Amino acid sequence: MALDLARQAALRGEVPVGAVIVKDGQLIASGANAREEFQDALRHAEIDAIGAACKQLGAWRLSGCTLYVTLEPCLMCAGAVHQARIDRVVFGAFDPKAGAMGSLYQVHADVRLNHRLPVTPGVLATECGEVLKAFFRARRQDSPK
């Protein structure tokens, strides 16, 4: 489902990232990048999904929830995961330029913070990465030389 959301984001001209939050095997919330549509730097897939999950559950603590996202969360999104007390993150493609849950930073495992969580990286990494590569390949072809 997160991959489908990423593909839909690409069709809208957004960097193709999709996220879903699951609790007790049930879909609680979803999100996709929407920065271009709303001209809002905070409209990352993870942030939208976290906000929707908080609203759905009527709580800011998302204990018992797992976030599935197509791209490794950035520093802002990793901070939001920490603040929301999400129990686990599963992501697809690594983000060597901005990733904060394995690539550049390990926010999820920082012993200085009061909440740590397991992260499962690389799930459907090839598929998730290909959606991103195709998006940026098309953008380069469309841009004037």
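The figures that follow rest on heavy atoms only: side chains count, while hydrogens, waters and symmetry mates do not. All of these numbers come straight from a predicted model, not from anything done at the bench.
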J.: Rounded to the nearest 0.5 Å, how far does CZ of F94 lie from CD of E72?
T.: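 That separation rounds to 6.0 Å.
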J.: Roughly how far, to the nearest 0.5 Å, is the NE2 atom of H115 from the CG atom of L113?
T.: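 The NE2 atom of H115 is 10.0 Å from CG of L113, to the nearest 0.5 Å.
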J.: Shared ILVMFWY cluster between L117 and V123, side chains joined below 4.5 angstrom?
T.: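 L117 and V123: separate clusters.
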J.: With sequence neighbours excluded, tell me which residues meet salt bridge (Lys or Arg N to Asp or Glu O under 4.0 Å) with D87.
T.: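 Here no residue qualifies.
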J.: Could you work out the complete set of other residues in the hydrophobic cluster of L42, with links drawn between I, L, V, M, F, W and Y side chains under 4.5 Å apart?
T.: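 I47, M76, which link up through side-chain heavy atoms under 4.5 Å apart, make up the rest of the cluster.
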J.: Examine distances only and state if a side-chain atom of D95 and a backbone atom of K97 form a donor-acceptor pair shorter than 3.5 Å.
T.: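 Yes, D95 side chain to K97 backbone: donor-acceptor pair under 3.5 Å.
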J.: Verify, without hydrogens or angle tests, whether E14 (side chain) and E37 (backbone) share a donor-acceptor contact under 3.5 angstrom.
T.: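 Between the backbone of E37 and the side chain of E14 there is a qualifying donor-acceptor contact (under 3.5 Å).
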J.: Whether the side chain of Q39 engages the backbone of E36 through a donor-acceptor N/O pair (distance < 3.5 Å, no angle test) should be reported.
T.: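 Confirmed, Q39 side chain pairs with E36 backbone.
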J.: Check for a donor-acceptor pair, side chain of N33 on one end and backbone N or O of A45 on the other, with a separation under 3.5 Å.
T.: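 Yes: the side chain of N33 pairs with the backbone of A45.
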J.: Using 0.5 Å steps for rounding, measure from the CG atom of L27 to the CD atom of Q56.
T.: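 Nearest 0.5 Å value for the CG-CD distance: 9.0 Å.
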J.: Let me confirm one number: the CH2-CZ distance from W60 to R85, rounded to the nearest 0.5 Å.
T.: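 Here the rounded value is 4.5 Å.
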J.: Is it true that atom OH of Y105 has more than 12 heavy atoms of other residues, nucleotides or ligands lying nearer than 6.0 Å?
T.: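 No - once you tally the heavy atoms of other residues, nucleotides and ligands closer than 6.0 Å, there are 12 at most.
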J.: What is the distance from atom CG of L5 to atom OH of Y68, rounded to the nearest 0.5 Å?
T.: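 Rounded to the nearest 0.5 Å, the CG-OH separation comes out at 14.5 Å.
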J.: Less than 4.5 Å apart, side chain to side chain, heavy atoms only: is that true for V22 and I28?
T.: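 No, side chains not in contact.
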J.: By side chain to side chain donor-acceptor pair (under 3.5 Å), which residues pair with N114, not counting sequence neighbours?
T.: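 Testing N114 for side chain to side chain donor-acceptor pair (under 3.5 Å), a comparison that skips the adjacent residues, returns H82.
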J.: Rounded to the nearest 0.5 Å, what's the gap from OG on S30 to CD1 on I21? Could you check?
T.: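 One gets 9.0 Å once the value is rounded to the nearest 0.5 Å.
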